[in-house]
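Working notes, structure below.
What's counted below: heavy atoms across the whole structure, side chains too, no hydrogens, waters or symmetry copies. Positions are given from 1, in the same order as the sequence printed here. Indexing begins at 1, ligand by ligand and atom by atom, following the structure's order.
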Amino acid sequence: MITDVDLKHLRRCVELAETALNKGDEPFGSVLVSADGEVLAEDHNHVAGGDHTQHPEFALARWAAQNLTPEERSRATVYTSGEHCPMCAAAHGWVGLGRIVYASSSEQLAEWLEELGVVPSRVRNLSIQEVIRDTLVDGPVHELAEQVRELHRRLHSASGK
Ligand SMILES: [Zn+2]
């Protein structure tokens, strides 16, 4: 179930995704929130430099591993504008983070990119549940997913693909 608090954090993720897009990165943003509701860390996609592992969910998983106890990690929530890719879902699972809430799903992204004529990536499009056995996952949120879709449309029309 998605609460008003969840929506607040998801809106921040979409803002971060737009920031990334404006910097020449891909439009993805994520926020790590403690069990007490404190925003612990946030990041956006940083692939413009050529390293396509620079995803925000991966960065937050590493931040959590370095800064939180296993107990704190298990009770923390990761909010994200787009569902974790398999790499980030695995990182989330390996470091023992808790719930995931996403604004738009990987399935939606794949549909949008197909509509935009973008060639699929080499990495398969798996849902989080296909990668992690036991994580609570909520999403997508229709209204915010439409905003994320618009960011991807801007990305691919700007690059002329
Ligand atoms: Zn990823």
Exercise for the section: Determine whether V31 and V141 fall in the same hydrophobic cluster, where Ile, Leu, Val, Met, Phe, Trp and Tyr are linked whenever their side-chain heavy atoms lie under 4.5 Å apart. Expected result: yes
Fill in the blank from the handout: Near the Zn ion (ligand 1), meaning under 2.8 Å, the protein N/O/S atoms are H55 ND1, C85 SG, C88 SG
Residue pair [X] / [Y], side-chain donor-acceptor N/O under 3.5 Å:
| X | Y | result |
| --- | --- | --- |
| E83 | S105 | no |
| T3 | D6 | yes |
| R73 | N67 | no |
| D51 | T53 | yes |

Problem - Parallel, tilted or perpendicular: rings of Y79 and H9 (30°, 60°) - result: tilted
